[in-house]
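Chain letters run A, B, ... following the sequence lines, proteins first and then strands; every chain starts at 1. Worth knowing before you read on, the calculation uses all heavy atoms, side chains too, and leaves out hydrogens, waters and symmetry mates. Please read all numbers here as calculations on a predicted model, not as lab measurements.
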Number of protein chains: 2
Amino acid sequence: MSDGRAAPVFGGESLLFLTDEQLRQGIEAMFFAYRGFTADPDRILADMHYGRAHHRAIHFINRAPGTTVTNLLSILGVTKQSLNRVLRTLIDDGLVESRVGTRDKRERHLYLTDRGRALEARLSDAQRTRMRAAYREAGPEAVAGFKKVLEAMMDPEMRRLYARLKDGK
Amino acid sequence: MSDGRAAPVFGGESLLFLTDEQLRQGIEAMFFAYRGFTADPDRILADMHYGRAHHRAIHFINRAPGTTVTNLLSILGVTKQSLNRVLRTLIDDGLVESRVGTRDKRERHLYLTDRGRALEARLSDAQRTRMRAAYREAGPEAVAGFKKVLEAMMDPEMRRLYARLKDGK
DNA sequence: GAGTTTATGTCAGCCTTGTTGACATTCCAA
DNA sequence: TTGGAATGTCAACAAGGCTGACATAAACTC
C-alpha cells in the first residue's frame, strides 16, 4: 500500500485503499483530528465570552480585509441573522470595524481593528503551532496528499472559494 | 513541491511546506472539507429530529457494540448530561438498546437495534460515498498522506483511541 | 460490615450558535 | 419610478454544548 501498487487489481492499479475499512478509518480520522484542530483556539476563546463562530469570522475578515457581509456569509455558510449576532459583538467590543461602502453604500466592508488583529494572531498562532508540528511529523509528501484529499472532499462551491483564497483572490 | 525535494534548505530537506502560507492553506482546507464531510449525513438527519450528535453516538455504538456509556463519553468528549440527552432519545425511539452489565451491573452496555443499524447504514453509506469519491480522485498515495497528517494532528489521547479502533480494539 | 468510590441517570438552568419568519431601510439599476 | 439587492434587526425557537447538584446501585477497600 505504501507504494500505491500493492496487490494489483482491475487493470494494474490497487483499489485496496477504497475498502470500506479504509473509508471508515478516514472518517474516524477526520472526526478525531478536527477535535484537535479546534482545541487550542477553543481554549483561548473560552476565556473571553467568544466561541468558534467568532474565530471563523475573525479568520476570514483577516484573510480578506474589506470583505462584505454577503461574501462572508457565503464563505461561512450560515444565515445572516446568525452571522450578524456574532459580528455585532465583535464590532461592539472593538475587534471589527464595519465601514459603509463607497461605491455601493448598501454594502458593509469589514476590517479588523488593532485589537482584532491581536486576537487573530493569538488564535492562529495557536492553531498553526499544532499544524506545524503535524506537518513536520508527517513530512512534505504526506502534506501534499492531505491537501489533495481534503480538497476532493469539499462541495464544488467550497472548493471554488478555497481555491480563490489560496491563489490570493 | 510535488516531489517533496524542491529548493533544498537546511540539510537537503525542503521546509517550504512549513511556511505560514502552507499552514494557513491547511487550516482553511480543514474548515471547508469538514463542511463537506458532514453535509450528507446532516441532510439525512435533518429530516428526522436528529442532529450530528446522534450520528456520532450511532457511529461509535455500531463500531464497538456493547460499549459502555463511560467509554463512549471518552470517545465523544462531551459531558454525560449531554450524551445522556442524545442516548435517551435514541433509546426511546428504539434505535439503541441499553443492557445492564452482567459482570458489573452498574454498567450499561449499548447496542444498535435493527432500526438503529438501518439508520447507521444510511448515514455511513452517504458519508462513505463522498469519501470514496475523494479517495479515488486523490489516489492511494495522497490517502496515505491524508491519514498521516490527520493522525499527527490529534491530541495524544485521541490518537490512542483512534489507533485502538483502527486495530480492532 | 462500614465507608468510599465508580458508573450511571436525572433535574434545572445557562450559553452559543444555528434556524425561520417578518419587516425596515437604503440605494443601485433598469 | 419601481423592483430587487444588500443589510440590519426583532422575535421565537431548537440543538447541543456546559455546570452544579443530587440519587441510586454496585463494586471495592479497609
Taking only distance into account, with no hydrogens and no angle test, what donor-acceptor pairs under 3.5 Å do side-chain atoms of residues 83-93 of chain A form with protein atoms, sequence neighbours excluded?
unit_1, atom_1, unit_2, atom_2, d
A/T89, OG1, A/H54, NE2, 3.2
A/T89, OG1, A/V86, O, 2.8
A/D93, OD2, A/Y50, OH, 2.4

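- Taking 4.0 angstrom as the limit, A/R108 places a side-chain polar atom (N or O) nearer than this to OP1 or OP2 of D/dG8.
- Following rounding to the nearest Å, B/R88 (CZ) and C/dC11 (C1') show an atom-to-atom distance of 14 Å.
- Residues that satisfy the salt bridge (charged side-chain N to carboxylate O under 4.0 Å, His left out) test with B/R122, not counting sequence neighbours, are absent from this structure.
- Counting all heavy atoms, side chain and backbone alike, B/L112 lies closest to B/N62 at CD1-CB, 3.4 Å.
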Using distance only, find each side-chain donor-acceptor pair of residues 35-45 of chain A under 3.5 Å and give its atom names and separation, not counting sequence neighbours.
unit_1, atom_1, unit_2, atom_2, d
A/R35, NH1, B/I75, O, 3.1
A/R35, NH1, B/L76, O, 3.2
A/T38, OG1, A/Y34, O, 3.2
A/T38, OG1, A/R35, O, 3.3
A/T38, OG1, A/R52, NH2, 3.3
A/D40, OD1, A/R43, NH2, 2.7
A/D40, OD1, A/R130, NH2, 3.2
A/D40, OD2, A/R130, NE, 2.9
A/D40, OD2, A/R130, NH2, 3.4
A/D42, OD1, A/R52, NE, 3.4
A/D42, OD2, A/R52, NE, 3.3
A/D42, OD2, A/R52, NH2, 2.6

Report all interatomic pairs (protein N or O, nucleotide N or O of nucleotides 27-30 of chain D) with separations under 3.5 Å.
unit_1, atom_1, unit_2, atom_2, d
D/dA27, OP1, B/R103, O, 3.2
D/dA27, OP1, B/K105, N, 3.2

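- In this structure, B/L119 is not a member of the same hydrophobic cluster as B/Y111, with clusters built from ILVMFWY side-chain heavy atoms closer than 4.5 Å.
- The salt bridge (charged side-chain N to carboxylate O under 4.0 Å, His left out) contacts involving residues 16-32 of chain B comprise A/R63-B/E28, A/R128-B/D20, A/R132-B/D20, B/E21-B/R24, B/R24-B/E28, where partners must be two or more places apart or lie in separate chains.
- Judged purely by atom type and a 3.5 angstrom limit, B/D104 uses its side chain to pair as donor or acceptor with the backbone of B/R106.
- Residues in residues 60-96 of chain A take part in these ring-ring contact (aromatic ring centres under 6.0 Å, His included) pairs, two or more places apart or across chains: A/F60-B/F31, A/F60-B/F32.
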Contacts table for residues 95-102 of chain B: side-chain donor-acceptor under 3.5 angstrom, sequence neighbours left out:
unit_1, atom_1, unit_2, atom_2, d
B/E97, OE2, B/R99, NE, 3.3

**Base-contact (B) and sugar-phosphate-only (S) positions in nucleotides 14-21 of chain C, heavy-atom cut-off under 4.0 Å, - elsewhere** = --SBBBBB

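- Following rounding to the nearest Å, B/H55 (NE2) and D/dG16 (P) show an atom-to-atom distance of 13 Å.
- Within the structure, salt bridge (charged side-chain N to carboxylate O under 4.0 Å, His left out) pairs that include any residue of residues 110-119 of chain B comprise B/D114-B/R117 (at least two apart or interchain).
- Going from atom CG of B/N84 over to atom C1' of D/dC18 covers 15 Å, rounded to whole Å.
- Scanning residues 30-44 of chain B for heavy-atom distances under 4.0 Å to DNA chain C yields an empty list.
- Per the geometry, NE2 belonging to A/H109 stands 11 Å off P belonging to D/dG8, to the nearest Å.
- Summarising the geometry, the separation between CG on B/L73 and C1' on C/dA7 is reported as 10 Å, rounded to the nearest angstrom.
- The salt bridge (charged side-chain N to carboxylate O under 4.0 Å, His left out) check on B/E137 picks up A/R159, with sequence neighbours excluded.
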